[in-house]
**Q** 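Take this structure, written in structure tokens, and hold onto it; I'll ask about it next.
The first residue in the sequence is number 1, and the count goes up from there. Because only heavy atoms are used, hydrogens play no part in the values below, and waters and symmetry mates are left out as well, while side chains stay in.
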Amino acid sequence: MDGAGGPGEGPAQEALQSLSRRLQVQEKEMELVKAALAEALRLLRLQAPPTSLQDPGTLGPPRDSPAAPPGLPPTCSPSLVSRGTQTEAEMEVEPSPGPPGLSNGPPAPPGGSEEPSGTQSEGGGSSSSGTGSPGPPGILRLAQPPQRTDTPRRNSSSSSPSERPRQKLSRKAASSANLLLRSGSTESRGGKDPLSSPGGPGSRRSNYNLEGISVKMFLRGRPITMYIPSGIRSLEELPSGPPPETLSLDWVYGYRGRDSRSNLFVLRSGEVVYFIACVVVLYRPGGGPGGPGGGGQRHYRGHTDCVRCLAVHPDGVRVASGQTAGVDKDGKPLQPVVHVWDSETLLKLQEIGLGAFERGVGALAFSVVDQGAFLCVVDDSNEHMLSVWDCSRGTKLAEIKSTNDSVLAVGFNPRDSSSIVTSGKSHVHFWNWNGGTGVPGNGTLTRKQGVFGKYKKPKFIPCFVFLPDGDILTGDSEGNILTWGRSLSDSRTPGRGGAKETYGIVAQAHAHEGSIFALCLRRDGTVLSGGGRDRRLVQWGPGLVALQEAEIPEHFGAVRAIAEGPGSELLVGTTKNALLRGDLAQGFSPVIQGHTDELWGLCTHPFQNRFLTCGHDRQLCLWDGEGHALAWSIDLKETGLCADFHPSGAVVAVGLNTGRWLVLDTETREIVSDITDGNEQLSVVRYSPDGLYLAIGSHDNMIYIYSVSSDGAKSSRFGRCVGHSSFITHLDWSKDGNFIMSNSGDYEILYWDVAGGCKLLRNRYESRDREWATYTCVLGFHVYGVWPDGSDGTDINSLCRSHNERVVAVADDFCKVHLFQYPCAHAKAPSLVYGGHGSHVTSVRFTHDDSHLISLGGKDASIFQWRVLGAGGTGPVPTTPSRTPSLSPASSLDV
């Protein structure tokens with residue numbers, strides 16, 4: 001550890017000395033344990049009664065032993081925690097009871113507060129792996145986790161140094177014998193029973209100290225001790241139910257255009273329907289409160305995994321949406337399925353194909369000529385199974401293996417439901433569907449492959465559209481639009497299933513540089529094409545004569561989908577997850593924008609409804625939470641992982657994956673500081689409440705402290721907090737701005753005196769009553785109840801306490817946002833669970849006035865803005881199975 005002033009020993013030498021001391025303590029303790037167990041087994045073989053093994057001298061302090069201060073337990077050596085199976089014995093520190101009327105244990109001992117070497121962390125890192133959990137001085141006892149049995153009290157004694165090891169060995173042997181031979185509970189300890197839930201290394205266990213001094217939980221077999229604040233007389237007095245507040249999804253930022261198609265349509269109501277993560281968004285550009293141009297959103301949230309494709313019924317009201325496969329938190333598969341739902345009521349009408357599809361639903365389409373009676377679905381299996389379903393009954397009418405190549409689009413001929421077209425990698429297939437006698441599964445599908453003949457066969461055919469005269473236009477990866485017309489000669493050629501009509505290429509037009517991603521038939525009969533590499537929108541008249549065109553700005557990406565709005569208005573989805581609105585004459589402006597890669601960094605403005613995000617797409621974005629719009633964005637050139645606003649709101653600090661951190665002016669967007677600390681990624685940056693300090697947590701196990709000028713623009717190194725044995729994950733400042741609480745990757749909880757020179761506070765018991773300006777640490781007494789049973793220590797990615805200190809929001813690894821009461825100090829505490837994200841939720845933060853909660857999806861690149869409804873408020877509280885992300889690689893679709 002080095003403080004604010006003078007040089008100290010190098011970090012490497014300090015680490016070696018710490019490891020050496022830790023190893024010595026472990027060796028001594030292991031010798032004692034082995035001797036104790038050997039003595040216990042010897043006594044068991046002699047079948048000696050338990051009381052005969054106890055040394056009368058060990059039951060109370062000798063006459064010449066120094067008296068402990070009033071209310072304080074006598075001292076003893078650190079405890080040992082066995083990390084084996086549930087049947088192994090566990091030795092842990094147990095404090096002596098305080099004087100009558102003291103329900104929360106003794107105060108911290110004056111002086112002599114330094115804990116023994118090797119007990120620096122409350123968590124289960126290497127500093128606690130050999131010497132158990134530290135705490136106020138207490139008495140050794142043996143406890144067997146699977147049994148709920150009380151342990152008799154034993155007091156420590158003092159004697160000559162030569163006698164101490166022998167007395168310690170005698171006490172441990174007697175304790176082991178008592179544990180192994182005791183059949184029932186022994187004397188009561190102040191009317192309180194220890195609460196212990198057994199569990200192996202992969203489970204979480206809580207073990208309450210008998211005098212109410214501390215609570216212990218286990219993550220992956222590692223003990224984590226948390227001290228109970230003195231103001232809490234009993235754990236039963238803390239809130240134990242779910243919070244009265246609820247969440248309602250207010251806005252979703254982003255659009256999934258990066259790696260999906262069939263994702264943008266306009267409904268009869270004028271709403272634009274698209275999807276991101278597990279949510280189908282219904283966006284009204286011209287009405288409703290807020291948003292650019294006065295837009296509003298509604299959300300269909302019936303899916304349990306990421307939505308991959310959409311189709312709109314000919315009535316313009318019903319929508320079909322297909323989801324991908326996934327697994328829940330227990331590893332059980334979640335099967336892909338198609339939902340048919342009402343866009344007016346947001347109620348699910350039919351669930352189609354549950355258990356019939358593999359991996360996911362890649363493309364789907366309603367029939368047209370028969371009022372949408374049928375639905376065609378292509379799944380993502382190796383054979384890309386093509387199936388036809390009865391929409392009203394949800395029954396499968398026909399199914400066939402399509403091709404081993406990717407299928408990117410499917411559609412019914414609008415004039416003949418027995419004709420189906422599919423296109424994808426190096427193919428266009430024309431299918432004839434015979435419905436048979438109407439018996440489910442009795443229909444047949446026959447295929448005719450499109451022949452390119454003298455024309456170059458493209459690598460991909462991503463899109464096609466049916467013309468009013470019956471011809472078909474296809475857009476391919478060569479930038480060509482091919483016109484496919486009916487082949488009369490082939491229609492007279494009988495084949496399997498009778499005479500069939502097929503298509504052949506009758507014309508070709510080079511339309512774009514690079515791939516054509518989208519084709520759209522307009523109401524006036526013209527066709528729009530959207531280019532990939534050249535980002536052009538071109539309107540084509542009869543004979544593929546170019547009529548008008550426009551170019552999409554480069555920072556929005558290529559054209560992914562096109563939909564026709566009212567009048568001449570167009571809506572364009574792009575590969576950089578933006579939704580644009582405009583026309584060919586006036587150009588386009590964004591109405592929905594989002595990130596394009598995994599998100600991690602999130603912070604909220606100190607006094608405005610704004611928030612800032614960053615992630616693997618190297619974009620730093622400031623969002624207006626009231627207007628639901630992007631205020632500005634800049635390119636960081638590197639991956640941004642964490643961020644925090646200065647209390648003045650004038651600047652924001654951003655931590656990158658290379659050890660660099662930047663300070664930017666929020667108005668001018670200029671970089672005012674650019675500093676590098678180490679070469680490891682930064683996981684957390686946090687300003688002190690008064691703005692005088694900036695703490696930076698790194699993956700090099702250090703917390704760097706900087707003093708900051710009043711305007712936040714200038715920073716100078718103040719010191720380093722050195723002592724963690726793993727990378728820093730979370731940290732919080734105390735309300736007075738003098739202390740820090742930090743968590744690390746090996747579940748340590750450490751406290752630091754920053755104002756006193758970045759010193760590690762070895763006696764963590766003294767920090768139990770300290771008040772924290774924020775609470776984002778995932779380990780601590782006030783929040784340990786948020787951890788699920790059986791957690792492996794990585795299940796919770798982010799946590800945030802509301803500013804009014806009423807609720808705690810949690811982001812987990814199973815795509816869920818949880819809302820708990822605060823403090824959450826009951827094991828397996830109940831929560832309200834909210835789904836919608838399609839990937840691990842990486843961060844959650846409340847806005848400055850607690851009116852909204854912001855949550856980030858990881859790989860789904862989504863940002864959810866939840867409205868917090870107060871006590872007694874009503875809001876949807878859907879609970880859906882947990883899942884893991886299942887996103888297709890962009891390379892498989894970006895052609």
**Q** Report yes if the distance between the aromatic ring centroids of His848 and Phe607 is under 6.0 Å, otherwise no.
**A** no
**Q** Can you tell me if Asp624 uses its side chain to pair, donor with acceptor, with the backbone of His628 under 3.5 Å?
**A** no
**Q** Please check if the side chain of Thr639 supplies one atom and the backbone of Gly615 the other of a donor-acceptor pair under 3.5 Å.
**A** no
**Q** In plain terms, say whether Arg610 and Glu626 are close enough for a salt bridge, that is, a side-chain N and a carboxylate O under 4.0 Å apart.
**A** no
**Q** Do NZ/NE/NH1/NH2 and the carboxylate oxygens of Glu245 and Arg806 come within less than 4.0 Å?
**A** yes
**Q** For the residue pair Ala861 and Ile276, what are the closest heavy atoms and their distance?
**A** O-CD1, 4.2 Å
**Q** So, the side chain of Asp617 versus the backbone of Thr596: is there a donor-acceptor pair under 3.5 Å, distance only?
**A** yes
**Q** Look up atom NE2 in His646 and atom CG in Leu664, then write down how far apart they are to the nearest 0.5 Å.
**A** 14.0 Å
**Q** Show your reasoning for whether side-chain contact (heavy atoms from CB on, under 4.5 Å) applies to Val844 and Val810.
**A** CA-CA 7 Å; Val844 286; Val810 170; 5.9 Å; no
**Q** Checking the side chain of Arg867 only, and the main-chain atoms of Ser248 only, is there a donor and an acceptor separated by less than 3.5 Å?
**A** no
**Q** Take Arg686 and Thr776 through the side-chain hydrogen bond (donor to acceptor under 3.5 Å, both in side chains) test and state the conclusion after the steps.
**A** CA-CA 10 Å; Arg686 185 85 70 240; Thr776 60; 3.0 Å; yes
**Q** Classify the ring geometry between His595 and Trp623 as parallel (under 30°), tilted (30 to 60°) or perpendicular (over 60°).
**A** tilted
**Q** Would one find more than 12 heavy atoms of other residues, nucleotides or ligands at under 6.0 Å from atom CZ of Arg669?
**A** yes
**Q** Tyr253 and Gln865: side-chain contact (heavy atoms from CB on, under 4.5 Å), yes or no, with the steps?
**A** CA-CA 8 Å; Tyr253 299 85; Gln865 180 172 311; 2.7 Å; yes
**Q** What distance do Asp524 atom CG and Gln539 atom CD have between them, rounded to the nearest 0.5 Å?
**A** 6.0 Å
**Q** Check the orientation of Phe366 and His313. Use parallel for under 30°, tilted for 30 to 60°, and perpendicular for over 60°.
**A** perpendicular
**Q** Can you tell me how far apart CZ (Arg618) and CG (Leu656) are? Round to the nearest 0.5 Å.
**A** 10.5 Å
**Q** Who are the side chain to side chain donor-acceptor pair (under 3.5 Å) partners of Asn577, not counting sequence neighbours?
**A** none
**Q** Shortest non-hydrogen contact from Leu310 to Ser321?
**A** CD2-CB, 3.5 Å
**Q** First locate atom CD of Gln297, then atom CH2 of Trp251, and finally report the distance between them rounded to the nearest 0.5 Å.
**A** 4.0 Å
**Q** Which label fits His303 and Tyr300: parallel for a plane angle under 30°, tilted from 30 to 60°, or perpendicular past 60°?
**A** perpendicular
**Q** Determine whether a donor-acceptor pair (N or O, by modelled atom type, separation under 3.5 Å) exists between the side chain of Ser839 and the backbone of Lys859.
**A** yes
**Q** Within the structure provided, determine whether Phe864 and Leu856 are in side-chain contact (heavy-atom separation under 4.5 Å).
**A** no
**Q** Passes side-chain hydrogen bond (donor to acceptor under 3.5 Å, both in side chains), Asp732 versus Thr774? Steps please.
**A** CA-CA 6 Å; Asp732 291 291; Thr774 59; 2.6 Å; yes
**Q** Please walk me through it: do Asp342 and Val317 pass side-chain contact (heavy atoms from CB on, under 4.5 Å)?
**A** CA-CA 6 Å; Asp342 189 309; Val317 175; 3.6 Å; yes
**Q** Ion pair present between Arg268 and Asp315, side-chain N to carboxylate O less than 4.0 angstrom?
**A** no
**Q** Can you see which heavy atom on Arg560 is nearest to which on Tyr255, and at what distance?
**A** CG-OH, 4.1 Å
**Q** Could you tell me whether a side-chain N or O of Asn743 sits under 3.5 Å from a main-chain N or O of Val778, the two making a donor and an acceptor?
**A** yes
**Q** Checking Thr526 side chain against Arg522 main chain: does a donor-acceptor pair fall under 3.5 Å?
**A** no
**Q** For the residue pair Arg801 and Tyr822, would you count it as a cation-pi contact if the rule is NZ or CZ under 6.0 angstrom from the ring centre and within 45 degrees of the ring axis?
**A** yes
**Q** Please determine whether a side-chain nitrogen of the Lys or Arg among Glu551 and Arg536 lies less than 4.0 Å from a carboxylate oxygen of the Asp or Glu.
**A** no
**Q** Okay, side chain of Asp860, backbone of Gly838: is any donor-acceptor separation there less than 3.5 Å?
**A** yes
**Q** Between His840 and Trp600, how do the two ring planes meet: parallel, tilted or perpendicular, split at 30° and 60°?
**A** tilted
**Q** Before accepting this row, confirm whether a basic side-chain N of the pair Glu805/Lys735 lies closer than 4.0 Å to the acidic partner's carboxylate O.
**A** yes
